[in-house]
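Encoded as structure tokens, the structure appears first; notes follow it.
Hydrogens, waters and symmetry mates play no part in the numbers below; they use all other heavy atoms, side chains included. Just so we're clear, the structure is a prediction, and the values are computed from it rather than from any experiment.
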Amino acid sequence: MFANLKEQPVDKILSLVKAYREDPRDSKIDLGVGVYKNAEGVTPIMGAVKRAEQQLWELESSKSYVALAGDPAFSTAMINLVLGNSVAHDNIASIATPGGTGAIRQAFELIQMANPDARVFVSNPTWPNHVSMLNYLGMTHVAYRYFDNEMRGVDFDGMMEDLKDVKAGDIVLLHGCCHNPTGANLNLTEWQIVLDLLNNMGAIPTIDIAYQGFGDGLEEDAAAVRLIASSVPECLVAASCSKNFGIYRERTGILMAVSADGSQRGRNQETLAFLNRQNFSFPPDHGARLVTMVLSDPDLYADWVKELEDVRLGMLGLREQLAGELQRLSGSDRFGFLAQHRGMFSRLGTTPEMVERLRAEHGIYMVGDSRMNIAGLNAQSVPILAQAIIDVGV
């Protein structure tokens with residue numbers, strides 16, 4: 001049986017990690033892996049999460065399964081965080097999942113079950129796992145333009161031109177705040193234009209959001225998702241807790257199915273639970289329990305919000321420092337987009353050849369399409385990166 005297995009494509013990110021580890025240079029900088037790191041290069045456990053774990057250790061009395069859909073308290077807490085009061089909660093079905101990737105996978109399975117002929121429109125660029133899962137499931141997907149390499153911002157005209165090809169029942173996969181790997185976001189005016197088009201064409205939005213609180217603040221970062229959910233007949237929202245709670249290895253996510261008619265919720269909920277049963281049965285609970293505790297306890301919540309704000313402001317400061325240093329070295333403002341992007345990522349908009357030169361000549365590691373993780377920097381490494389960018393002529 002095993003002899004029939006084929007070689008699988010090499011994961012480019014894992015290859016980058018391996019190359020970085022084997023690089024002996026002390027000045028090397030890792031900007032490739034999409035994990036938050038502090039100035040010391042560590043992915044810390046947030047204080048509020050650590051306190052919640054200590055409380056849980058004292059109070060937890062069983063390790064039995066939770067429900068197929070996960071703990072209802074987790075769903076309530078996450079719906080409040082992501083959607084607030086933008087949608088009647090009686091209209092929302094939800095399941096806990098192993099991370100945001102698990103939520104997106106279940107969303108794709110739900111779409112395939114509900115409408116096998118649906119096409120999924122996916123931004124170019126998007127996260128590789130989106131396309132990989134769609135290919136694995138045999139689902140038709142269509143790319144729409146998103147990023148302008150020259151302007152280093154959203155190619156909104158190109159995006160709208162491509163989305164005019166959607167048909168009733170098609171799915172449009174959209175990125176919540178800070179989620180597109182380029183770091184470029186739509187503004188609320190542009191979101192409204194996208195919504196008008198989707199409603200006119202009868203297409204259904206699916207939102208992937210994993211960085212709420214990393215952009216302009218918790219409420220501000222949720223504005224687009226709330227606008228979408230409150231403006232369409234139905235949508236799917238996949239959310240991750242890995243980043244803004246710092247619990248990557250706990251694999252904590254949620255999928256929400258929002259409908260305008262509350263009478264559909266029961267059937268949606270049963271279907272979501274069925275999908276969990278077919279995949280992994282009962283979702284993991286430790287991370288979900290911690291998130292629930294943090295979001296439900298006023299003191300823990302206040303501590304978490306402060307920590308998250310420190311993370312946000314720290315990354316914003318690194319962006320501004322890098323943009324300022326590049327302006328000083330280049331004598332132009334062509335790198336100003338770095339201060340305008342939000343979240344952990346930015347895309348330089350340069351060639352794979354330039355990216356390879358940054359690695360070979362300066363020990364700067366980033367993904368081949370020039371996506372870099374801003375959180376991989378600190379105040380000391382920003383000038384090194386800026387000089388390297390100028391030296392290779394980006």
Side-chain angles (χ1 to χ4, degrees), residues 11-50 53 99-101 127-129 177-183 210-215 221 240-252 287 290-291 294 303-323 325 338-339 341-348 355 358-359 362-386 388-389:
D11 188 298
K12 295 179 181 179
I13 300 294
L14 295 182
S15 297
L16 200 66
V17 170
K18 182 175 183 293
Y20 175 80
R21 286 176 178 168
E22 295 174 352
D23 191 328
R25 288 173 286 188
D26 293 335
S27 60
K28 63 184 180 181
I29 301 174
D30 179 13
L31 305 179
V33 179
V35 175
Y36 173 76
K37 298 177 183 179
N38 60 19
E40 289 73 43
V42 176
T43 302
I45 301 175
M46 299 180 85
V49 170
K50 178 64 77 174
E53 282 192 304
T101 299
W127 294 104
N129 240 11
C177 180
C178 308
H179 197 275
N180 190 275
T182 63
Y211 299 95
Q212 185 179 348
F214 275 28
D221 292 354
S240 168
C241 302
S242 295
K243 286 77 177 175
N244 52 6
F245 288 89
I247 51 173
Y248 292 88
R249 66 176 60 172
E250 306 300 349
R251 309 309 300 130
T252 306
L290 298 176
V291 168
V294 169
D303 287 349
W304 173 68
V305 169
K306 182 181 183 305
E307 289 178 275
L308 187 59
E309 184 69 358
D310 288 343
V311 168
R312 183 184 77 83
L313 293 176
M315 289 189 293
L316 187 58
L318 289 169
R319 288 185 172 282
E320 292 172 346
Q321 182 188 357
L322 180 58
E325 186 69 13
L338 291 166
H341 290 175
R342 287 293 182 269
M344 278 173 46
F345 305 103
S346 272
R347 186 168 174 173
L348 281 178
V355 171
L358 285 169
R359 186 202 65 79
H362 297 275
I364 309 293
Y365 285 77
M366 64 180 68
V367 182
D369 64 2
S370 73
R371 171 177 67 81
M372 60 180 180
N373 180 6
I374 296 296
L377 294 167
N378 57 39
Q380 289 70 45
S381 60
V382 164
I384 298 173
L385 173 61
I389 288 173

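- Across every non-hydrogen atom of Ala48 and Asp303, the tightest pair is CB-CB, 4.2 Å.
- Distance CG/Leu31 to CG/Leu348: 9.0 Å, rounded to 0.5 Å.
- Between the Thr43 side chain and the Tyr36 main chain, a donor and an acceptor come within less than 3.5 Å of each other.
- Seen from the ring of Tyr365, Lys28 does not count as a face-on cation partner, given the 6.0 Å and 45° thresholds.
- Judged by distance alone, with hydrogens and angles left aside, the side-chain atoms of Arg319 form a donor-acceptor pair with the main-chain N or O of Leu338 at under 3.5 Å.
- For the pair Leu385 and Ile29, the tightest heavy-atom approach, listed with the atom from each and the gap, is N-CD1, 4.4 Å.
- Here the closest heavy-atom approach between residue Val355 and residue Gly368 is recorded as CG2-O, 3.6 Å.
- At least one donor-acceptor pair closer than 3.5 Å links the side chain of His341 to the backbone N or O of Thr182.
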Inset, instruction - Could you please spell out the steps behind the side chain to side chain contact (heavy atoms under 4.5 Å, CB included) verdict for Val33 and Asn373? - result: CA-CA 7 Å; Val33 179; Asn373 180 6; 5.7 Å; no
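- Panel note: side chain Tyr211, backbone Arg342; no donor-acceptor pair is recorded below 3.5 Å.
- In this structure, the side chain of Gln321 does not engage the main chain of Val382 through any donor-acceptor pair within 3.5 Å.
- For Arg25, the CZ atom sits in a packed shell: over 12 heavy atoms of surrounding residues, nucleotides or ligands are nearer than 6.0 Å.
- Using modelled atom types, one side-chain atom of Asp221 and one backbone atom of Gly215 make a donor-acceptor pair closer than 3.5 Å.
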Legend entry - Stepwise salt bridge (charged side-chain N to carboxylate O under 4.0 Å, His left out) test for Lys306 and Glu309: CA-CA 5 Å; Lys306 182 181 183 305; Glu309 184 69 358; over 6 Å; no
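- Nearest heavy-atom pair across Asp30 and Lys37 is OD2-NZ, 3.4 Å.
- When atom types are taken as modelled, the side chain of Asn38 and the backbone of Gly41 share a donor-acceptor pair closer than 3.5 angstrom.
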Inset, instruction - Apply side chain to side chain contact (heavy atoms under 4.5 Å, CB included) to Val311 and Glu307, showing your working. - result: CA-CA 6 Å; Val311 168; Glu307 289 178 275; 5.7 Å; no
Legend entry - Evaluation steps, side chain to side chain contact (heavy atoms under 4.5 Å, CB included), between Thr252 and Leu290: CA-CA 10 Å; Thr252 306; Leu290 298 176; over 6 Å; no
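- Ring pair Trp304/Phe245 is parallel by interplanar angle, where below 30° counts as parallel and above 60° as perpendicular.
- Taking all atoms of both residues into account, the shortest heavy-atom contact from Glu325 to Ala386 is CG-CB, 3.5 Å.
- Ile374 approaches Leu318 most closely through the heavy-atom pair O-CD1, 3.7 Å.
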